[in-house]
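We count residues from 1, following the sequence as given. In listed order, ligands and their atoms are each counted from 1.
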Amino acid sequence: MDPMDRGIRYTPGSSDKDWEQADTFLPASDNQKLEKKRGPGKVGIIVAVVTLAAVLALIIGLLVWHFHFHKDLKSQKIYTGSLRITNQVFVDAYENSDSAEFKELANQVMAQLKSVYSESPQLSKYYVRSEVQAFSEGSVIAYYESEFAVPAGQEAAVDQAVNSLSVNKFRRFEEKQGPLVFDHIVSSALDTRLFSKGRTSMRFTQHAKSSAEKIITSPGFPDKPYAPDSFVQWQLRGDPGHVLKLSFDTFNLEENCSNDFVRVYDSLVAVDKHLMEEECGFYSPSNPLTFISSRNVMLVTLVTNKEENFPGFRARVTQISQDSSELACGGKLSGTSGSFKSPNFPSYYPPNKTCQWDIEVPDGKYIKLRFPKFMVSTGSLNHCSEDYVQIVGKSTLCGQQPANTMVTVNSNKMTVVFKSDSSQVDRGFNATYEVFEPTDPCPDKFQCDNKRCVNPSLRCDGWNDCGDSTDERNCKCDASMIQCRNGFCKPMFWRCDGVNDCGDDTDELNCGCKSGEFQCKNNQCVSEKLKCDGNRDCKDGSDEDGCSRDMCKDSTFMCSNGKCITKPNPMCDGQDDCGDGSDESNCNCGKKAYTKSRIVGGQDADVSEFPWQVSLHVKNTPHVCGASIISEQWLVTAAHCVQDDAKIKYSQPGTWEAYLGLHTQKEKPKSTKRLIKQIIPHKNYNSYTYDNDIALMELDSPVTFSETIRPICLPAATDVYPAGETVTISGWGATREGGGGATVLQKANVRIINSTVCDELMSGQITSRMTCAGVLSGGVDACQGDSGGPMSIFSNERMYLAGVVSWGDGCARRNKPGIYTNVPKFRAWIKEKTGV
Ligand code: 4AZ
């Protein structure tokens with residue numbers, strides 16, 4: 001989804017090594033002078049005494065530094081943790097850190113922690129203090145932080161010593177260290193960003209009740225953005241026997257999680273081993289963001305840095321009884337088909353959860369299990385030991401699996417176990433099962449080697465529908481397909497296009513044309529019958545060159561009365577050149593100079609067919625993104641085109657130049673160029689979901705409209721595009737997935753796709769600010785480099801900007817439409833920002 005050609009920058013190469021060879025050496029003659037010196041005189045003695053004094057001063061200085069200042073080089077390390085006290089009973093007063101009961105128990109815990117640390121030589125030396133932050137039920141769980149002052153180089157040893165205290169087995173300290181019996185100590189180093197100097201820190205507590213939900217908001221929400229450089233914690237509690245549910249209804253933070261972030265913990269302290277998830281950026285309300293704890297406590301932290309403060313968040317906190325059906329999972333399943341899902345799907349599953357589903361289908365049948373969505377955290381270890389789904393006796397899955405991952409068992413029984421550990425949760429999975437006949441696993445369908453069943457009509461159609469390409473093996477291809485030697489079929493229009501589509505080069509062999517075919521100037525072969533038919537069948541249009549019917553070819557305008565006007569730019573110049581007024585009518589937005597277009601899957605646009613199409617370049621580099629002219633001084637493009645990356649400041653107006661009225665990229669030097677005065681990306685653009693992917697660019701000076709440069713009409717805010725409507729996409733983007741950009745502006749017609757269908761096809765990633773369009777059988781689509789450009793719709797004799805090219809799953813894949821920013825949704829915003 002990145003715009004093409006991003007990041008092509010000079011990086012210092014091997015020639016830069018030359019600098020290292022530029023050292024200067026002492027001339028050899030200096031050495032000779034030294035050799036000639038003779039024994040010590042008076043001067044020699046003075047030099048020796050001074051040198052000795054200097055050496056002594058240096059040694060004393062070093063000793064003073066070592067014993068006095070060296071301790072300043074110690075770094076502050078804070079460990080947070082929780083421990084269970086098994087011989088105490090929780091009383092309500094422990095919830096209040098000002099109560100005498102809290103203070104008394106906290107003092108005992110701190111004293112006992114100190115003596116635990118004193119047992120370890122590594123820890124006793126560097127221990128500074130401990131503080132108990134909260135207690136919760138069970139019997140009593142204490143949440144604390146301990147501070148150590150650790151000399152440079154000792155950090156790892158201290159980490160290890162603290163970790164070795166983290167035990168899940170019983171530890172009895174009562175005889176030696178005090179009256180409390182601890183078991184289950186968990187602790188880990190606190191992220192240094194949370195206690196950096198100058199950071200304002202705040203702590204809030206809330207106790208959710210069954211009768212009423214509690215609301216937590218980032219400070220200042222909704223009236224002002226959150227404060228810079230702050231660390232805010234919300235300690236959330238529920239009643240015993242309950243878990244907490246946290247549901248964000250607004251979430252709008254800075255995009256970059258290393259600057260501002262929210263963390264949700266399954267604990268009352270920020271201990272990594274109970275970190276459920278870290279979040280930043282923007283979540284739309286249609287993308288539910290809810291978390292469920294494993295016990296009656298939860299901690300939410302917000303950390304912000306100095307720059308860029310965003311609106312923040314608001315979340316509801318409710319408690320759910322541990323026996324509630326909302327948390328139930330697993331059980332016995334039967335019948336010939338059914339479904340199940342992870343708890344809280346499609347939002348985050350709780351930590352420390354185990355579910356087991358026992359599926360039993362009628363005797364003699366086998367079971368096929370399918371996961372439409374599968375996202376199970378692999379945690380830091382990156383393998384299936386933390387959270388996983390186990391199909392007992394068959395396989396274990398974790399991480400992110402492709403949509404519709406299948407597992408089959410040759411038995412009428414299947415056991416599926418889902419397990420989450422104490423940290424790092426994810427959105428989980430949904431699953432469906434169905435029976436199949438042992439003798440006929442894919443009734444009326446083609447069975448792929450990976451056991452998937454696909455429609456027989458998808459076999460040998462050039463697309464990998466099975467996922468393992470087995471539907472494309474050993475094919476007999478029909479006339480519209482290239483028969484590759486390796487048994488694949490590929491669409492005929494990929495023949496002789498310079499790309500090895502078959503994988504064995506068959507499609508690029510014998511590229512001279514057969515009899516009955518016409519060889520285009522670009523070596524493409526098209527049927528002889530298509531020559532001079534008025535359509536540009538060769539990509540370079542050479543099949544229409546020199547044809548007598550092409551009367552207006554070299555003219556710039558064809559009148560409604562058929563007259564060809566050779567005068568440059570006759571349209572809208574105040575003179576009735578045609579005699580029927582057609583060169584002077586409708587001289588405002590959305591008008592093409594002349595229309596010869598037809599429905600095809602990607603072909604050269606006619607000159608001036610899309611006079612609103614703009615090519616955006618990072619100064620002195622090739623085309624990067626498209627844009628559309630909406631007025632003399634404003635362009636619309638995609639917000640993702642103007643996001644900085646590590647190398648290029650795409651968000652800065654000075655980075656860009658806009659080429660207007662361009663047909664082929666080769667004309668760039670003589671086309672109209674403008675610099676950019678201002679860029680306004682939509683403030684709710686989300687770089688993870690591509691929601692609100694729209695931006696405005698103001699040109700440094702207005703353009704004069706002409707036949708080749710004119711604006712596209714903006715749709716009304718109320719416009720909706722029904723599924724099936726034809727729209728036109730245009731751009732200089734890649735002409736195939738992973739391929740290079742086009743030289744001549746390309747156009748293609750695609751159709752609007754129903755949003756519900758599209759959301760299914762795109763795994764739930766479609767918001768109301770997106771419109772889907774494409775050809776579901778594949779082959780026609782926008783691609784890298786088309787981003788920001790127009791999706792134009794023809795209505796009332798004009799073209800309207802229905803969408804902005806935004807993203808997609810690859811390009812032109814079957815059942816993967818292109819996704820466009822829904823421009824009517826932003827009509828008011830465009831008016832507000834530009835006045836247009
Ligand atoms: C892109 O990366 C891009 N197939 C644009 C559109 C599509 C895919 C990728 C849609 O700019």
Side-chain angles (χ1 to χ4, degrees), residues 1-8 403 463-464 491 601-602 610 613-618 621-628 635-645 648 650 656 665 681-682 685-695 697 727-742 745-753 755 757-759 761-763 765-767 769-792 801-823:
M1 281 180 282
D2 282 341
M4 56 184 292
D5 291 325
R6 276 193 169 183
I8 301 176
W463 299 94
N464 172 9
F610 301 96
Q613 174 83 50
V614 176
S615 172
L616 295 176
H617 292 225
V618 166
T621 71
H623 168 91
V624 174
C625 267
S628 305
L635 310 180
V636 171
T637 186
H640 84 254
C641 291
V642 294
Q643 302 297 310
D644 291 344
D645 71 10
I648 300 180
Y650 291 98
W656 294 97
Q665 290 287 333
H682 197 280
Y685 165 67
N686 184 321
S687 62
Y688 292 104
T689 60
Y690 278 52
D691 205 7
N692 303 296
D693 190 10
I694 191 164
M697 280 185 168
V727 287
T728 307
I729 49 180
S730 49
W732 289 275
T735 48
R736 54 171 47 242
E737 189 174 328
L745 180 64
Q746 298 291 298
K747 64 171 179 183
N749 283 355
V750 287
R751 284 168 189 269
I752 300 285
I753 288 158
S755 291
V757 171
C758 183
D759 197 44
L761 295 172
M762 303 305 284
S763 315
Q765 300 175 75
I766 304 305
T767 72
R769 290 152 303 275
M770 301 174 188
T771 302
C772 307
V775 174
L776 289 185
S777 54
V780 188
D781 196 4
C783 201
Q784 281 183 318
D786 292 323
S787 286
M791 172 173 86
S792 318
L801 185 65
V804 174
V805 179
S806 178
W807 63 280
D809 190 350
C811 303
R813 297 185 187 173
R814 176 195 296 285
N815 286 334
K816 294 291 169 198
I819 316 302
Y820 300 81
T821 314
N822 182 344
V823 175

Does ligand 1 have any atom sitting under 4.0 Å from a heavy atom of [X]?
X	answer
Gly810	yes
Gly785	yes
Val805	yes

Please determine if [X] has a nitrogen or oxygen closer than 3.5 Å to a nitrogen or oxygen of ligand 1.
X	result
Gly818	no
Ser787	yes
Ser806	no

Look at the rings of Tyr685 and Tyr690 and say which category their plane angle falls in: under 30° parallel, 30 to 60° tilted, over 60° perpendicular.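 Rings of Tyr685 and Tyr690: perpendicular, as their planes differ by over 60°.
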Residue-level breakdown please: for Ala812 versus ligand 1, do any non-hydrogen atoms fall below 4.0 Å on the side chain, on the backbone, on both, or on neither?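 Neither; no heavy atom under 4.0 Å.
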Where does Ile819 meet ligand 1, judged by heavy-atom distances below 4.0 Å: at the side chain, the backbone, both, or neither? neither
Heavy-atom check, side chain of Tyr820 versus side chain of Ile729, under 4.5 Å: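 Heavy-atom side-chain distance check passes, below 4.5 Å.
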Are Val624 and Cys641 close enough that some pair of their side-chain heavy atoms sits under 4.5 Å apart?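 Contact flag for Val624/Cys641 side chains = no.
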So, Ser806 side chain and Ser787 main chain: donor-acceptor pair closer than 3.5 Å or not?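 Side chain of Ser806 to backbone of Ser787: no pair is present.
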Is there a donor-acceptor pair under 3.5 Å between the side chain of Lys816 and the backbone N or O of Cys811? no
Please list, chain by chain and in numerical order, all residues satisfying side-chain contact (heavy atoms from CB on, under 4.5 Å) with Ser615, sequence neighbours excluded.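 If we apply the side-chain contact (heavy atoms from CB on, under 4.5 Å) test to Ser615, skipping adjacent residues, the hits are His617, His623, Tyr659, Leu662, Gln665, Trp732.
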What residues, two or more places apart in sequence or in another chain, satisfy side-chain contact (heavy atoms from CB on, under 4.5 Å) together with Asn822?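 By the side-chain contact (heavy atoms from CB on, under 4.5 Å) rule, Asn822 matches Thr771, Pro824, Lys825.
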Under 4.0 Å from a heavy atom of Cys811: which atoms of ligand 1 are those, numbered in the order shown and with their elements?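 So the answer, numbered in order with elements, is 4 (N).
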